[in-house]
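In the text below, chain A, chain B and the rest are named by the order of the sequence lines, each starting its count at 1. We use all heavy atoms of the structure for the numbers below, so side chains are in, but hydrogens, waters and symmetry mates are not.
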Amino acid sequence: AQKITQTQPGMFVQEKEAVTLDCTYDTSDPSYGLFWYKQPSSGEMIFLIYQGSYDQQNATEGRYSLNFQKARKSANLVISASQLGDSAMYFCATLTDKLIFGTGTRLQVFP
Amino acid sequence: ETGVTQTPRHLVMGMTNKKSLKCEQHLGHNAMYWYKQSAKKPLELMFVYSLEERVENNSVPSRFSPECPNSSHLFLHLHTLQPEDSALYLCASSQGRTGTRSNEKLFFGSGTQLSVL
């Protein structure tokens with residue numbers, strides 16, 4: 001069975017600083033995908049970044065990078081140079097035969 | 001125009017009402033999904049359609065009835081709901097169905113915020 005855990009219900013970061021959002025997962029399937037989604041107050045879930053279980057390098061997408069530590073089963077999201085528009089809920093998800101989401105972390109960026 | 005459009009954005013209904021949620025995707029995808037998002041709970045997968053055929057139903061009560069007339073449209077028909085059904089209902093689509101590839105990316109709509117009185 002898949003399980004995904006986000007232990008930080010809320011995080012604060014000052015504008016232009018970097019922030020790390022934690023995510024750990026558990027799956028017995030050797031092939032899986034890891035995703036991060038952003039959900040602003042408008043409700044839409046916006047895809048941010050993807051990491052495959054066999055990928056050797058950590059994924060990066062602009063200011064987003066995924067710190068993938070396979071042995072520790074962690075897939076933390078790093079946002080560099082935070083912006084006020086980054087304030088939102090962030091969800092980690094894992095995909096084998098189903099896409100399973102964590103409970104999310106609310107990030108608030110302050111000036 | 002966004003890739004996945006959901007209407008209405010907000011819906012308030014009584015427990016005896018019948019209403020429908022609509023989802024339309026403009027991405028040429030083959031799979032569509034309904035998710036339920038309740039406060040402080042992970043997103044729950046409700047239904048999956050692949051090429052207009054229902055391939056998954058995650059033990060959802062029969063008061064929720066999905067319909068997929070074609071690969072671009074997905075409906076969720078609601079009947080005699082309960083107050084605990086109040087939630088954000090999100091529609092999503094993907095090129096293929098999740099479970100066929102581990103890198104299948106879902107595209108979501110903005111959701112319908114449903115309140116059941």
Side-chain angles (χ1 to χ4, degrees), chain A residues 1-10 23-55 57 59 61 64 66 68 70 75 88-106, chain B residues 1-11 21 23-25 27 29 31-48 50 55-59 87-115:
Chain A
Q2 294 167 254
K3 184 179 178 182
I4 193 148
T5 304
Q6 294 180 255
T7 58
Q8 306 155 314
C23 174
T24 58
Y25 61 92
D26 192 14
T27 177
S28 56
D29 198 316
S31 177
Y32 53 89
L34 296 159
F35 297 79
W36 277 92
Y37 282 84
K38 172 185 177 182
Q39 187 179 39
S41 57
S42 61
E44 181 183 0
M45 297 281 280
I46 301 167
F47 167 78
L48 295 179
I49 196 167
Y50 162 82
Q51 178 87 42
S53 58
Y54 294 117
D55 293 344
Q57 292 189 318
E61 290 282 353
Y64 304 109
L66 201 152
F68 181 43
K70 193 171 184 177
M89 285 290 293
Y90 288 81
F91 292 91
C92 182
T94 182
L95 174 62
T96 54
D97 60 336
K98 297 180 184 179
L99 187 65
I100 304 297
F101 287 84
T103 52
T105 296
R106 179 170 297 282
Chain B
E1 192 174 65
T2 57
V4 181
T5 305
Q6 288 187 246
T7 54
R9 290 283 282 122
H10 302 275
L11 179 62
L21 310 185
C23 176
E24 184 175 0
Q25 59 98 358
L27 301 168
H29 288 168
M32 297 187 77
Y33 310 78
W34 280 116
Y35 279 85
K36 176 184 179 182
Q37 186 178 24
S38 304
K40 299 183 180 179
K41 292 175 68 175
L43 271 74
E44 302 171 52
L45 178 63
M46 300 176 71
F47 299 104
V48 181
S50 178
V55 295
E56 189 159 349
N57 170 2
N58 277 4
S59 301
L88 180 68
Y89 288 84
L90 289 162
C91 174
S93 70
S94 61
Q95 181 60 50
R97 177 172 62 87
T98 56
T100 55
R101 298 186 309 173
S102 65
N103 64 345
E104 199 64 68
K105 185 169 66 179
L106 267 63
F107 293 79
F108 286 83
S110 297
T112 294
Q113 186 65 54
L114 174 67
S115 297

Enquirer: OH of B:Tyr33 to CG of A:Leu99: how many Å apart, nearest 0.5 Å?
Expert: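 If we round to the nearest 0.5 Å, B:Tyr33:OH and A:Leu99:CG are 8.0 Å apart.
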Enquirer: Which atoms of A:Gln6 come close to chain B, meaning under 4.5 Å heavy atom to heavy atom: side chain ones, backbone ones, both, or neither?
Expert: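 Interface part for A:Gln6: neither.
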Enquirer: Does a side-chain heavy-atom distance below 4.5 Å link A:Gln39 with B:Leu43?
Expert: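 Side chain of A:Gln39 against side chain of B:Leu43, heavy atoms only: no contact under 4.5 Å found.
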Enquirer: Quick one: CZ on A:Phe101 to NZ on B:Lys41, what's the gap to the nearest 0.5 Å?
Expert: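 Result: 15.5 Å between the selected atoms.
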Enquirer: Output the distance between atom CG (A:Leu48) and atom NZ (B:Lys105), rounded to the nearest 0.5 Å.
Expert: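 Output value for this atom pair is 10.5 Å.
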Enquirer: Tell me whether A:Lys70 at atom NZ has more than 12 heavy atoms from other residues, nucleotides or ligands lying less than 6.0 Å away.
Expert: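 More than 12 heavy atoms, drawn from other residues, nucleotides or ligands, come within 6.0 Å of this atom.
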Enquirer: Nearest 0.5 angstrom please: A:Glu44 CD to B:Leu88 CG, how far?
Expert: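 Those atoms lie 11.5 Å apart.
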Enquirer: Which of the residues B:Gln37, B:Gln6, B:Gln113 is involved in the greatest number of heavy-atom pairs with chain A at under 4.5 angstrom?
Expert: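 Highest number of heavy-atom pairs under 4.5 Å: B:Gln37.
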Enquirer: Are side-chain heavy atoms of B:Leu106 and A:Tyr37 found at a separation under 4.5 Å?
Expert: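 Yes, their side chains come closer than 4.5 Å.
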Enquirer: Using a 6.0 Å cut-off, check whether atom CZ of A:Arg106 has over 12 heavy atoms from anything other than its own residue.
Expert: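 No, not enclosed.
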Enquirer: Among A:Pro40, A:Gly43, A:Pro9, single out the residue with the greatest number of heavy-atom pairs under 4.5 Å to chain B.
Expert: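 Looking at each of A:Pro40, A:Gly43, A:Pro9 in turn, A:Gly43 comes out on top.
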